[in-house]
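Letters go in sequence order (proteins before strands), and every chain restarts at 1.
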Amino acid sequence: MKLSNIKRFWIALILSIPMIIQMLAMPFHWMMPGYNWIAFITTTVIMLISAAPYWKSAWAAFKKHNANMNTLVAVGTSVAYFYSIFAMFTNRAVYFESAAFVTIFVLLGDAMEEKMHSNASNALSKLINLQAKDADVLRNGEFVKLPLKEVHVGDILRVKPGEKIPVDGTITEGTTTIDESMVTGESMPVTKKKGDKVVGATINSNGTFTFKATKVGSNTMLSQIVELVKKAQTSHAPIQNLTDKISGFFVPAVLIIAIITFVIWYVFLNASLVNAILFAVSVIVIACPCALGLATPTALMVGTAKSAKMGVLIKNGEVLEKVTNIDTVVFDKTGTITIGKPKVTDIVGDSKRVLTVATSLEESSEHPLATAIIKKAKEEKIAPVKVDNFAAIEGKGVKANFNNHTALVGSNKLFANSNISQEIQAEAEQLQNEAKTVIYVGLDQQVIGLIAIQDVPKPSAKAAIAELKKRGLKTVMLTGDNKNVAQAIGKQVGIDQIIAGVLPTDKVANIKKLQKAGNKVAFVGDGINDTPALSTADVGIAMGAGTDIAIESGGIVLVQNDLMGVVKALDISKKTFNRIKLNLFWALIYNLIGIPIAAGLFAGVGLQLSPELAGLAMAFSSVSVLTSSLLLNKAKIAGTSTQTA
Amino acid sequence: MNTNQIIVLIAAILLIGFIIWWFFGKHQETAENANVTKGKQEADVVVNGGYSPSTIVLEKNVPAEVNFDLKDSTACLSHVVFDQLGVNKDLSKKDVTPVKIPTNKPGEYDFTCQMGMFHGKVVVK
């Protein structure tokens, strides 16, 4: 018959009622008639039903040269029980209630622990439950309801107001607002139109739209998040190496301490046999390796799940631990501090000619600035001319043959050997001081004009950087842009240090330089172009772009493209790690104080514990560690408007 | 010191010696190979006061499952955690709980109970 711990607890508690009555009646000098026999029978039943599983497990472990908390429970209860039987038949005082109550308290602790443990891991199943169960799929010209499993990539799906979006995809028709808080942590609904990406499990609020499925099954963003959180929750934090070491010798050490306690009381202090036994049993029962073992994993479980709810995905315990030591945060500029959608603001020179050359060359380029130029040309209705011998010069610009002239489009580095008139040079400086990136356009060694492009900082950038500074962190911006532009942007958002004119390949070198100077560096980048820098930094924070979670590149992924996420990530990591440290401290202190008290070290001043109280303290210690972990859910994190509990 | 006390002292010293030898001495661990049948391999681990066998050897590139058979009814061993694989399974829901192990590359996957008191490992060769 398989009984749950809680059932075993109730059976044992009911059976112990006569012993409780006797305990309460003790001060009134009333003895229950035949108490010894009643206690013997009820305790025997309690032992068989409730303590035997611990004995069995401890014995199996013992045969394999292992010892754990079951060993302590088994030794503690069996010593009290068998001694009492011996005492009963030799007309000595019995201690059946010690064996019974220790068992009851341990069971209560176990049952509460199971319950709280499942609460701690529940957050994850909540995430999985966010998924829609079925979808309206276009089949043979009609929308039919199909279970999620039958939705394939490329299917056209329809979502009505108030419905959950079943899978990831791109809107083909319709406009709507969508509540994406479950994946991004952002509570404001987002407006979406044709061509925008939608994420499965988010909730459509007012419009009906159709979309094309791009990711289904285990490839959807939600599945990836769940997978990631799962891994993070079971991951190992380096601080656990300490507890692993301790847990290896903890139980045998406690057994030895108990024997020493017994010997000291019985042999050297001439205590009675029964008192010496009670001290030894208390030591065994109060010692709790569980609290130590639970300290890290439970806090990690709660912390990583909570952060996921806020749109901050932490890869594992190691990352979490590293974040605590960070003193410098390095930001990539484009797309991280700035919105990443640059716009052409000024054109210097013959604007039609300049734009024609620029758009013709940039058409084959993938640079974000190229997009701005092409867009501007389209607006001005300027068609690109076909060019040949196109070449991209990394970090500088592009080069091609334009109507039999050598055309260059790019930064001033590309024009080291060209003629730049005083006038143009002055214009360029003026534009750069306005935080605009200047693109030079040249034909046959002569600069014919400039295109000024501006990328504005994200609205949250300034506040986020102020928050980071408030936490004593140094902020650094890394950019390939010209110094003047970088400085202008840096000033707007209040960054401490600017490293400008950095080629993409030199980002890593710059991070290494900061690390060599003794800084612990976090790098914040967009996760697609910045992979090497993200992995070089002590902690890589990848800003989520769309529905791809490039976790391989970063230790932390921000689902939302918002700099406040960096603050949240640092805060929640620190809070979680501090909680782990607090838990470990408590678990260690508990054992360090509890064991000497139980051993009777302070018996001289009247402070001593009976085995029952020791059992209660033991149950309380692991439950308190779990409570402390669960309280992480209530921790306040900067930048979260709504409190998630 | 009376005779009883002397006997107790000697017994206690012997017992401590035994505990140290039994728990900290070098003892052989059991390792077991998985059964390969029809392009699939399976291994059984009995969970009772620990894991037996505590080391399981799997062949590379054969889909593998390790079946955990929970015989222990205390809370301690009710979950098995593979921290590298992101697996945290409750073993008490079913009699035998299978865990899939990736075998595409050689390596070792440690598994523990949820408090890290018991250890075992799966080796892919």
Query raised in the report: Hey, what do you get for CG (Asp90(B)) to CD (Glu114(A)), rounding to the nearest 0.5 Å?
Result: 8.0 Å
Report summary line: When rounded to the nearest 0.5 Å, the distance separating OG of Ser52(B) from NZ of Lys64(A) is 4.0 Å
Report task. Select one option (side chain, backbone, both, neither) describing which atoms of Asn2(B) are under 4.5 Å from chain A's heavy atoms. Result -> neither
Query - Thr234(A) and its side chain to side chain contact (heavy atoms under 4.5 Å, CB included) partner, picked from Thr112(B), Val81(B), Leu85(B) - result: Val81(B)
Query raised in the report: Between Val106(A) and chain B, which part of the residue has a heavy atom less than 4.5 Å away: side chain, backbone, both or neither?
Result: neither
Query raised in the report: Which atom names give the shortest non-hydrogen contact between Asp83(B) and Ser235(A), and what distance separates them?
Result: CB-CA, 4.1 Å
Requested in this report: Step by step, work out the side-chain contact (heavy atoms from CB on, under 4.5 Å) result for Lys230(A) and Asn88(B).
Outcome: CA-CA 8 Å; Lys230(A) 229 184 187 171; Asn88(B) 182 354; over 6 Å; no
**Report entry** Which portion of Pro297(A) sits near chain B, non-hydrogen atoms under 4.5 angstrom
**Finding:** side chain
Requested in this report: State, to 0.1 Å, how close Gln84(B) and Lys231(A) come at their nearest heavy-atom pair, and which atoms those are.
Outcome: O-CE, 4.1 Å
Requested in this report: Return the option, out of Val263(A), Asn270(A), Thr243(A), with the maximum number of heavy-atom pairs under 4.5 Å with chain B.
Outcome: Asn270(A)
**Report entry** Over 12 foreign heavy atoms within 6.0 Å of CH2, Trp22(B)
**Finding:** yes
Query raised in the report: Checking Leu9(B) against chain A: side chain, backbone, both or neither under 4.5 Å from a heavy atom?
Result: both
Requested in this report: Carefully, step by step, assess Leu255(A) and Leu15(B) under the rule side-chain contact (heavy atoms from CB on, under 4.5 Å).
Outcome: CA-CA 10 Å; Leu255(A) 291 175; Leu15(B) 196 56; over 6 Å; no
Query raised in the report: So His65(A) and Trp21(B), would you call those rings parallel, tilted or perpendicular, with 30° and 60° as cut-offs?
Result: perpendicular
Query raised in the report: Got more than 12 heavy atoms from elsewhere within 6.0 Å of CE, Met112(A)?
Result: no
**Report entry** Any donor-acceptor N/O pair, Lys63(A) side chain to Gly49(B) backbone, under 3.5 Å
**Finding:** no
Requested in this report: Counting only heavy atoms closer than 4.5 Å, note whether Phe62(A) contacts chain B via side chain, backbone, both or neither.
Outcome: both
Query raised in the report: Can you say whether Phe249(A) sits under 4.5 Å from chain B via the side chain, the backbone, both, or neither, judging by heavy atoms?
Result: both
Query - Under 4.5 Å from a heavy atom of chain B, the part of Asn316(A) involved - result: neither
Report task. Go through the atoms of Val87(B) and report whether side chain, backbone, both or neither lie under 4.5 Å from a heavy atom of chain A. Result -> backbone
Report task. Select one option (side chain, backbone, both, neither) describing which atoms of Leu77(B) are under 4.5 Å from chain A's heavy atoms. Result -> side chain
Query raised in the report: What's the shortest heavy-atom distance between Lys56(A) and Asn48(B), and which atoms?
Result: NZ-OD1, 4.1 Å
Query raised in the report: Looking at CG of Asn68(A) and CZ of Phe118(B), how far apart are the two atoms once the value is rounded to the nearest 0.5 Å?
Result: 3.5 Å
Query raised in the report: Between Phe82(B) and chain A, which part of the residue has a heavy atom less than 4.5 Å away: side chain, backbone, both or neither?
Result: backbone
Query raised in the report: Given that the side chain runs from C-beta out, which part of Ala58(A) has a heavy atom under 4.5 Å from chain B: side chain, backbone, both or neither?
Result: neither
**Report entry** Main-chain N/O of Tyr266(A) paired to Gln5(B) side chain as donor or acceptor, under 3.5 Å
**Finding:** yes
Requested in this report: Please assess Ile19(B) against Ile259(A) for the test side-chain contact (heavy atoms from CB on, under 4.5 Å), listing each intermediate value before the final yes or no.
Outcome: CA-CA 11 Å; Ile19(B) 289 173; Ile259(A) 295 169; 3.6 Å; yes
